[in-house]
Number of protein chains: 2
Amino acid sequence: MPSDGQPADPAKSFQPHDHSHCVADAVAALEAYCSENGVKLTPVRRRVAEILLAEHRAMGAYEILDVLRGEGLGSQPPVAYRALDFLTTHGFVHKVERLNAFVACTHPGADHSPAFLICRSCNKVAEAEAPGTDGQLGKAAAAVGFQIEQAVVEVEGLCPDCTDGA
Amino acid sequence: MPSDGQPADPAKSFQPHDHSHCVADAVAALEAYCSENGVKLTPVRRRVAEILLAEHRAMGAYEILDVLRGEGLGSQPPVAYRALDFLTTHGFVHKVERLNAFVACTHPGADHSPAFLICRSCNKVAEAEAPGTDGQLGKAAAAVGFQIEQAVVEVEGLCPDCTDGA
DNA sequence: CAAGATATGTTATATGATAACAAAGGATCC
DNA sequence: GGATCCTTTGTTATCATATAACATATCTTG
């Protein structure tokens, strides 16, 4: 598992930060992960990761595909979906169900259960850690005998930037 | 707002219960709500509510449409989507983002933020109350200045029935 | 009854996702 | 080194989900 050079808390995503550094680190982490785990970081996969990392924003598969197409890296939907599957499986990209869109993981590596803060105004998406099985819902589920395997936690609202002036 | 004659806790959804009673109550609540609030419970709207209430399961819009079509109540997608919009707006149906599907609300009336427990084996969906702004995530959001307007909380796993024998 | 508002019917199309199979590239074994 | 296998990519076609736009009907109210 790669080390974590990315913002691990949601505040950072909404604050100005050295984003090129942020992208470079994440790509490095992805490279390290792939070589350590014997999986291939092909040009398409790498490029899709970069495209998503370039924005703190969820992008639709077809939006990503448009970029790939412009670069001659594949022009049909399966190309984008396969790369997204790969990155999702290995924890470097998450799907935002609410938006039917994908976002780069901001602290890849460890197995984690992400929660998303989606700004409806500027469309930025920040990743936070979802409350685990020790939270209110986890306890309620345990009480009725429901075994949680996966959680989707996505809240929509206004980020700090858009609450203030905007 | 209608009174609540439905199971208000997730356990009930996974337990055997008098379901015809359960459906009848919910329809009655819907009727009462509509007459009290001066909105129309048209045949299509009523029937869509019944269809969803008949199962503790999320159904796709096209699946619902198939039923309507068989009954001569409309055969084109907008018919189903409009009824679902109406029921969703008034809080009698929720959309399960994870499944791109819809489920009848089991305790309609009050404004509430639902959480869903989705069984991946039997496909039943139970509704619980989502942790509010006082939960872990709510506090984390408040700490970074994010204003939560709406929350999607959907956990997937095995319900009590499917954990045991099945 | 006329006029406005709400709901439905219908056509067409946008948007998101995958099945299926052919071809290319890289790793492995003899 | 070459045959073989496995993974990835290219491509076609299609499925699934959702909505725009406009015509028609029905209900409401002055």
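The sequence lines fix the lettering, A, B, ..., with proteins before strands; numbering per chain opens at 1. Just so it is clear, the model here is predicted, and its values are computed rather than measured. Only heavy atoms go into these numbers, but all of them, side chains included; no hydrogens, no water, no symmetry mates.
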Any protein N or O atoms within reach of nucleotides 22-26 of chain C? Criterion: under 3.5 Å, listing atom names and distances.
none

Item to check | ILVMFWY network linking Val103(B) to Leu53(B), side-chain heavy atoms under 4.5 angstrom | outcome: no

Checklist entry - Closer to the 5' end of DNA chain C via nearest nucleotide, is it Ala61(A) or Tyr62(B)? => result Tyr62(B)

Item to check | By ring pair (Phe, Tyr, Trp, His ring centres under 6.0 Å) - contacts of Phe102(A) (at least two apart) | outcome: none

Checklist entry - What residues, two or more places apart in sequence or in another chain, satisfy side chain to side chain donor-acceptor pair (under 3.5 Å) together with Thr89(A)? => result none

Item to check | Tyr81(A) side chain near dA17(C) phosphate (N/O to OP1/OP2, under 4.0 Å) | outcome: yes

Checklist outcome for this item: DNA chain D: first to last nucleotide in contact with chain A (atom under 4.0 angstrom from a heavy atom), 5' to 3', is dT8(D) to dT12(D)

Checklist outcome for this item: Those residues at least two apart in sequence (or on a different chain) that pass side chain to side chain donor-acceptor pair (under 3.5 Å) with Arg45(B) are none

Item to check | Residue pairs fulfilling salt bridge (charged side-chain N to carboxylate O under 4.0 Å, His left out) with at least one residue in residues 133-152 of chain B, sequence neighbours excluded | outcome: Arg120(A)-Glu149(B)

Item to check | Atom-to-atom span, CZ of Arg98(B) to C1' of dA17(C) - whole angstrom | outcome: 15 Å

Under 3.5 Å, N/O pairs linking protein and nucleotides 8-11 of chain C:
from: dT8(C); atom 1: OP1; to: Thr42(B); atom 2: OG1; distance (Å): 2.7
from: dG9(C); atom 1: N7; to: Arg82(B); atom 2: NH2; distance (Å): 2.6
from: dG9(C); atom 1: O6; to: Arg82(B); atom 2: NH1; distance (Å): 3.1

Checklist entry - When the distance from CG of Asn100(A) to C1' of dA17(C) is rounded to whole Å, what number comes out? => result 10 Å

What pairs of donor and acceptor atoms, side-chain ones from residues 78-87 of chain B against any protein atom, are under 3.5 angstrom apart with sequence neighbours left out?
none

Next on the checklist: Can you pull out every side chain to side chain donor-acceptor pair (under 3.5 Å) where at least one residue sits in residues 71-80 of chain A? Sequence neighbours excluded, please.
Outcome noted: Arg47(A)-Glu71(A)

Checklist entry - Of all residues at least two apart in sequence or in a different chain, which pass the salt bridge (charged side-chain N to carboxylate O under 4.0 Å, His left out) check with Lys95(B)? => result none

Checklist entry - Can you list every pair that meets ring pair (Phe, Tyr, Trp, His ring centres under 6.0 Å) and has a residue in residues 113-155 of chain A, with sequence neighbours left out? => result His94(A)-Phe116(A), Phe146(A)-Phe14(B)

Item to check | Between dT6(C) (C1') and Asp85(B) (CG): distance, integer Å | outcome: 15 Å

Checklist entry - Whole-Å distance between dG16(C) C1' and Leu99(B) CG? => result 16 Å

Checklist entry - Which of parallel (below 30°), tilted (30 to 60°) and perpendicular (above 60°) describes Phe92(B) and Tyr33(B)? => result perpendicular

Checklist entry - In chain order, what residues pass the side chain to side chain donor-acceptor pair (under 3.5 Å) check against Gln147(A), with sequence neighbours excluded? => result none

